[in-house]
Amino acid sequence: MTDWTRGAAWMGGEIIPIEEAKVHVMDWGLTRSDITYDVVPVKDGAFFRLPDYLDRFEASMASMRLAPGVTREALRAALHEMVAKTGLRDAYCSMTAARGVPLIPGSRDPRRCGNHLYAWVVPYIHVVKPDVLDRGAKLWIAKTVRRIPEDSVNPRAKNYHWGDMTAALFEALDEGYDTVALLDHQGNVTEGPGFNVFCVSGGRVVTSDHGVLHGVTRKTVLDMCAEIGLPTETRPLPLEELMESDEVFLSTSGGGVAPMVEVAGRIFGNGRPGPVSEQLHELYWDWTKRAQNREEIAYAA
C-alpha cells in the first residue's frame with residue numbers, strides 16, 4: 001500500500017508516489033541544467049503566498065523561453081490535488097519546467113525540444129533546521145568560490161546552476177559551519193543555497209539587490225519591515241558592512257527568517273539572535289496564518 005505521506009509527484013498529468021518520479025536521461029534539464037523551478041511552502045494545510053510564487057515561476061519560464069503548455073490555473077489545480085493526495089499539512093512543494101528531450105534526435109537547437117512541466121511535494125524542509133537555530137546558527141562566507149555573475153546566469157530565474165553553491169557548501173561544512181553565503185567578484189554579499197542574506201546596519205534592514213534571486217520570502221521580509229516601520233535598503237551589500245552590522249539573518253521558503261549568531265568567526269549578539277531577527281522570525285509565522293496570505297487545500301475527509 002502506498003504511503004503518500006512520504007511525498008508525491010505530478011508528471012504527465014498524473015499523480016504518482018515520489019519514489020516513482022523519473023526524468024529522461026537525455027532531458028536537457030538534466031544534461032544542461034536547462035531548467036527553472038520554484039518552491040511554495042504549505043503551512044497548516046494551506047499554500048503561503050501561492051500567487052507570488054506562481055508569478056515568479058511564470059516570469060522565470062518566460063525569461064528562459066520555456067513553454068511547457070500548462071496554464072496557470074491547471075498548474076494551481078495540480079498543486080492542490082497533489083498536496084491533498086498526500087495529506088501533508090506542512091510541506092515543501094516544488095514546480096519545475098524543463099527544456100526536455102530534442103524532438104529531432106541529435107538536434108542542438110533549444111527551440112526544438114519538448115518542454116515539459118512537473119511538480120512534487122515532500123514533508124516540509126527547513127533550510128536551517130530548528131535545532132540548529134536553537135543552539136545558534138553559524139554562517140560561513142565562501143573564500144574559494146564566487147557567485148556565478150548575473151550576466152552569465154540570471155539569478156532571478158530560479159535555477160539548478162549550483163556548482164558554485166555546492167563548492168561553497170563543502171567549504172563551509174569543512175570549517176564546521178551550518179551553511180554559506182557567496183560574494184560576487186566585487187566583494188559584495190549575494191546569496192546562499194536556498195536563501196537571501198539580510199543584515200541590520202545603522203538602524204536599517206539591508207539586503208542585496210543584484211546577483212540574487214528576488215525570493216518570495218525576501219519580499220515577505222521587506223513587506224513585514226514596512227508593516228512594523230523598519231526602514232529597508234536593497235542595494236549592494238559589501239562584506240565589510242555585513243561583518244560590522246548589528247545582526248545577520250537569512251530568508252528562505254524553507255523556514256522563514258533564520259537568525260545567525262556567528263558569521264565567519266564573528267559572534268553576533270553574544271551568541272543569541274538579535275531583537276530585529278527574532279521579531280521578524282516570529283512575525284513570519286504569524287503571516288503564514290493570515291487569511292489573505294493563505295490558499296486553503298481541500299483534503300479528503
Side-chain angles (χ1 to χ4, degrees), residues 124-147 155 162 164-213 215 217-218 220-222 224-225 230-285:
Y124 193 85
I125 294 173
H126 288 268
V127 169
V128 182
K129 296 185 181 301
D131 63 312
V132 173
L133 293 178
D134 288 343
R135 58 95 165 140
K138 302 192 300 180
L139 177 70
W140 183 248
I141 304 296
K143 295 182 178 180
T144 62
V145 61
R146 296 292 173 108
R147 188 73 176 104
W162 270 43
D164 53 350
M165 292 189 181
T166 300
L169 266 174
F170 274 117
E171 184 184 321
L173 296 171
D174 289 346
E175 293 287 340
Y177 282 73
D178 302 305
T179 191
V180 67
L182 289 86
L183 305 179
D184 64 16
H185 288 272
Q186 289 71 48
N188 297 309
V189 179
T190 62
E191 60 187 347
F195 57 80
N196 290 106
V197 180
F198 286 78
C199 72
V200 181
S201 177
R204 296 178 176 271
V205 175
V206 183
T207 193
S208 177
D209 65 344
H210 75 291
V212 302
L213 178 74
T217 311
R218 173 184 182 272
T220 299
V221 169
L222 296 173
M224 292 191 302
C225 287
L230 279 173
T232 60
E233 293 181 358
T234 57
R235 55 168 172 78
L237 175 55
L239 176 60
E240 294 78 9
E241 181 177 357
L242 182 87
M243 297 303 293
E244 295 172 3
S245 65
D246 300 315
E247 302 178 37
V248 173
F249 63 87
L250 316 179
S251 67
T252 169
S253 295
V257 174
M260 298 291 107
V261 303
E262 182 179 337
V263 178
R266 189 206 152 178
I267 305 297
F268 286 75
N270 294 319
R272 298 300 305 166
V276 172
S277 303
E278 282 201 308
Q279 182 179 13
L280 292 172
H281 174 78
E282 295 300 327
L283 187 56
Y284 175 83
W285 298 117

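What you see below is based on every heavy atom in this structure, not just the backbone, and it leaves out hydrogens, waters and symmetry mates.
Taking each heavy atom of G192 and L182 in turn, the nearest pair found is CA-CD1, 4.4 Å. In terms of heavy-atom proximity, Y124 sits nearest to G255 at OH-N, 2.8 Å. A pairwise comparison of heavy atoms in S245 and F268 identifies O-CE2, 3.3 Å as the closest pair. S277 approaches F249 most closely through the heavy-atom pair OG-CD2, 3.5 Å.
Looking only at distances, a side-chain donor or acceptor of T252 sits under 3.5 Å from a matching main-chain atom of G194. The main-chain N or O of G265 is found under 3.5 Å from a side-chain atom of Y177 such that the two form a donor-acceptor pair. Checking side-chain atoms of E247 against main-chain N and O of V276 turns up a donor-acceptor pair under 3.5 Å. Looking only at distances, no side-chain donor or acceptor of S208 sits under 3.5 Å from a matching main-chain atom of T190. In this structure, the side chain of R147 does not engage the main chain of L183 through any donor-acceptor pair within 3.5 Å. The backbone N or O of K138 sits less than 3.5 Å from a side-chain atom of D178, completing a donor-acceptor pair. At least one donor-acceptor pair under 3.5 Å links the side chain of E171 to the backbone N or O of K143.
In this structure, CE on M224 lies 10.5 Å from CD on E282, to the nearest 0.5 angstrom. Separation of atoms CZ (R272) and CD (E278) is listed at 7.0 Å; rounding is to 0.5 Å. Atom CG of L139 sits about 7.5 Å away from atom CG of L242, to the nearest 0.5 Å. For the atom pair CD (E191) and CE (M165), the distance works out to 4.0 Å, reported to the nearest 0.5 Å. Rounded to the nearest 0.5 Å, atoms CG (L280) and CH2 (W285) are 13.5 Å apart.
With a 4.5 Å cut-off on side-chain heavy atoms, H210 and N188 count as touching. Considering only heavy atoms from C-beta on, V180 comes within 4.5 Å of P193 through its side chain. Y284 has its side chain out of reach of S251: every pair of non-hydrogen atoms, C-beta onward, lies at least 4.5 Å apart. In this structure, the side chains of T207 and V212 stay at 4.5 Å or more apart for every pair of heavy atoms. The closest side-chain heavy-atom distance from H126 to L133 is not below 4.5 Å. A 4.5 Å side-chain heavy-atom check between L239 and I141 finds at least one atom pair inside the cut-off. Between H281 and P273 the shortest side-chain heavy-atom distance does not fall below 4.5 Å. The shortest side-chain heavy-atom distance between F195 and V128 does not fall under the 4.5 Å cut-off.
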**Request:** Take L250 and T179 through the side-chain contact (heavy atoms from CB on, under 4.5 Å) test and state the conclusion after the steps.
**Result:** CA-CA 10 Å; L250 316 179; T179 191; 4.0 Å; yes
**Prompt:** Between D131 and R135, does a side-chain contact (heavy atoms from CB on, under 4.5 Å) hold up when you go through it step by step?
**Reply:** CA-CA 6 Å; D131 63 312; R135 58 95 165 140; over 6 Å; no
**Request:** Could you check T234 against R218 for side-chain contact (heavy atoms from CB on, under 4.5 Å), going step by step and ending with a plain yes or no?
**Result:** CA-CA 10 Å; T234 57; R218 173 184 182 272; 3.7 Å; yes
Which pairs of donor and acceptor atoms, one on a side chain in residues 197-206, lie under 3.5 Å apart (sequence neighbours left out)?
from, atom 1, to, atom 2, distance (Å)
S201, OG, E241, OE2, 3.0
R204, NE, E233, OE2, 3.4

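At a cut-off of 3.5 Å, with distance as the only test, a side-chain donor of T217 or S253 sits close to an acceptor on the other residue.
In this structure, D134 places its CG atom where more than 12 heavy-atom neighbours from other residues, nucleotides or ligands lie under 6.0 Å away.
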